[in-house]
Q: 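Sending over a structure as structure tokens; questions will come in a sec.
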2 protein chains.
Amino acid sequence: MRPAKPTLTGQELEIMKVVWKLEKATVRQVYETLLERRRIAYTTVMTMMNILEQKGYLQKQQGDRAYVYQPTQPQSQVIRSMVREFVDRVFNGSAEPLLAHLVEDRHLTEKDLDEIRKSIKSARKSR
Amino acid sequence: MRPAKPTLTGQELEIMKVVWKLEKATVRQVYETLLERRRIAYTTVMTMMNILEQKGYLQKQQGDRAYVYQPTQPQSQVIRSMVREFVDRVFNGSAEPLLAHLVEDRHLTEKDLDEIRKSIKSARKSR
DNA sequence: CAATACGTACTAATTAATTAGTATGTTTGA
DNA sequence: TCAAACATACTAATTAATTAGTACGTATTG
């Protein structure tokens with residue numbers, strides 16, 4: 001049996017992104033979307049989506065003709081736990097060094113930090 | 001042939017962390033260190049370290065008895081590119097949403113942000 | 001020096017990840 | 001209606017990742 005919430009692998013994440021974007025989608029819809037970027041077989045997408053269902057990330061229901069899949073969790077929540085795992089794995093759980101790296105890489109500006117500062121304050125209020 | 005700088009996988013990163021810590025190390029040293037945390041075979045460590053050498057992350061030289069392995073790149077540099085890849089993969093390259101997640105997760109405090117702010121300023125000066 | 005520990009090369013087993021084919025049944029439009 | 005398109009279930013091939021075993025040689029030490 002598969003564990004309850006196994007991590008999303010690379011290709012699985014790609015598919016989830018499409019489904020989140022579309023809110024709900026058939027295999028064909030996802031297939032068409034992915035085709036715009038690269039060559040892939042219809043059945044490959046189907047297999048992946050079924051695995052995602054087994055993993056608990058997607059839910060399917062009978063639609064007009066084909067199954068319609070939809071995410072079981074919002075994107076933000078899933079990504080949050082991916083970040084948490086990454087921080088655990090790479091930085092042993094502390095986010096600060098990650099920040100340092102982001103800054104060094106010039107991905108972050110002072111303006112970004114102001115944004116963040118604000119959001120911290122409001123988060124604190126709502127606690 | 002292997003690509004020049006393939007990404008580090010989970011277990012490979014664990015081994016690299018040990019070697020970075022020790023600065024240079026034999027298979028046995030890494031093996032002993034990993035043993036403290038979990039059961040693993042000596043040859044497993046050796047295999048992994050040889051793969052890391054093929055991938056260009058480690059360099060080996062003949063030591064007194066055994067080969068001595070050392071990192072070809074500093075930890076900070078490797079981790080920086082792991083962060084970059086993660087940001088690309090999960091956030092399509094923009095770091096800001098990553099920040100938002102870190103904050104929401106309360107991994108980040110205002111104090112952290114002050115630290116970062118300072119480091120941005122000094123980075124700017126040295127540009 | 002002989003037994004034991006150590007080191008390396010080579011091989012291999014297992015599992016996960018990725019991609020896709022085939023068989024078969026349903027729907028639909030010309 | 002019937003051929004083409006579509007859908008799904010089932011199976012499978014390929015590659016990567018992870019873990020480890022075996023054979024064999026060298027070093028060490030009691």
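The figures that follow rest on heavy atoms only: side chains count, while hydrogens, waters and symmetry mates do not.
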Q: More than 12 heavy atoms of other residues, nucleotides or ligands under 6.0 Å from NZ of A:Lys24: is that the case?
A: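 No, not enclosed.
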Q: If you check the B:Met48 side chain, which of D:dT19, D:dA7, C:dC6 turns out closest?
A: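 Closest nucleotide to the B:Met48 side chain: D:dT19.
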Q: Expressed in angstrom and rounded to an integer, what is the separation of B:Glu53 atom CD from C:dA9 atom C1'?
A: 13 Å
Q: How do A:Thr47 and A:Gln62 order along DNA chain D: which one's closest nucleotide is nearer the 5' end?
A: A:Gln62
Q: Rounding to a whole Å, what distance do you find between B:Arg89:CZ and C:dA17:P?
A: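 In whole Å, C:dA17 P lies 12 Å from B:Arg89 CZ.
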Q: What does A:Thr26 touch in the nucleic acid at a heavy-atom separation under 4.0 angstrom: a base, only the sugar-phosphate, or nothing?
A: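 Nothing: the residue A:Thr26, judged by heavy atoms under 4.0 Å, touches no strand.
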Q: When rounded to the nearest 0.5 angstrom, what distance separates CD in B:Gln73 from CE in B:Met16?
A: 7.5 Å
Q: Just how far, in rounded Å, is C1' of D:dA9 from CE of A:Met46?
A: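 Spelled out: CE on A:Met46 to C1' on D:dA9 is 7 Å.
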Q: With the threshold set at 4.0 Å, does a side-chain nitrogen-carboxylate oxygen contact exist between B:Glu12 and B:Lys55?
A: yes
Q: Write down the distance between CD1 (A:Ile40) and C1' (C:dG21), rounded to a whole number of angstrom.
A: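 To the nearest whole Å, that distance equals 14 Å.
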Q: C:dT11 C1' sits how many Å from B:Asn50 CG, rounded?
A: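 B:Asn50 atom CG is separated from C:dT11 atom C1' by 13 Å.
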Q: Provide, to the nearest angstrom, the distance between the CD atom belonging to B:Glu12 and the P atom belonging to D:dA17.
A: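 To the nearest whole Å, that distance equals 7 Å.
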Q: Would you tell me if any nitrogen or oxygen in the side chain of A:Thr44 comes within less than 4.0 Å of OP1 or OP2 on C:dT19?
A: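 Answer no for this pair, as no side-chain N or O of A:Thr44 is under 4.0 Å from OP1 or OP2.
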Q: Would you kindly give the OH-to-P distance between A:Tyr31 and C:dA20, to the nearest whole Å?
A: 10 Å
Q: Could you give the distance from CD1 (A:Ile40) to OG1 (A:Thr33), rounded to the nearest 0.5 Å?
A: 11.0 Å
Q: Taking only N and O in the side chain of A:Arg39, is any of them less than 4.0 Å away from OP1 or OP2 of C:dT18?
A: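 Checking C:dT18 against A:Arg39, no side-chain N or O comes under 4.0 Å of OP1 or OP2.
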Q: Starting at CD of B:Glu32, measure out to OG1 of B:Thr26 and round the result to the nearest 0.5 Å.
A: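 The distance works out to 8.5 Å.
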Q: Can you find a side-chain donor-acceptor pair between A:Asn50 and A:Tyr67 that sits under 3.5 Å?
A: no
Q: Indicate for each nucleotide in nucleotides 22-30 of chain D, in 5' to 3' sequence, whether protein heavy atoms under 4.0 Å reach the base (B), only the sugar-phosphate (S), or nothing (-).
A: B---BSS--
Q: Given D:dA9, D:dT18, D:dA7, identify the nucleotide with an atom nearest to the side chain of B:Ile51.
A: D:dT18
Q: So, is A:Tyr42 near the phosphate of D:dA9, with a side-chain N or O under 4.0 Å from OP1 or OP2?
A: no
Q: Can you identify which nucleotide, out of D:dT18, C:dT8, C:dT18, has its nearest atom closest to the B:Val27 side chain?
A: C:dT8
Q: How long is the line joining CE of B:Met49 and C1' of C:dC10, in whole Å?
A: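 Roughly 18 Å, once rounded to whole Å.
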Q: Parallel under 30°, tilted from 30 to 60°, perpendicular over 60°: which one fits the rings of B:His101 and B:Phe91?
A: tilted
Q: Ignoring hydrogens and geometry beyond distance, is the side chain of A:Thr9 in donor-acceptor contact with the base of C:dA16 at under 3.5 Å?
A: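 No.
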Q: Rounded to the nearest 0.5 Å, what separates atom CG in B:Leu13 from atom NZ in B:Lys17?
A: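 It is 5.0 Å, given to the nearest 0.5 Å.
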Q: Give the nucleotide from the list C:dG21, C:dA17, D:dT8 with an atom nearest to the side chain of A:Lys55.
A: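 Of all the options, the side chain of A:Lys55 is nearest to C:dA17.
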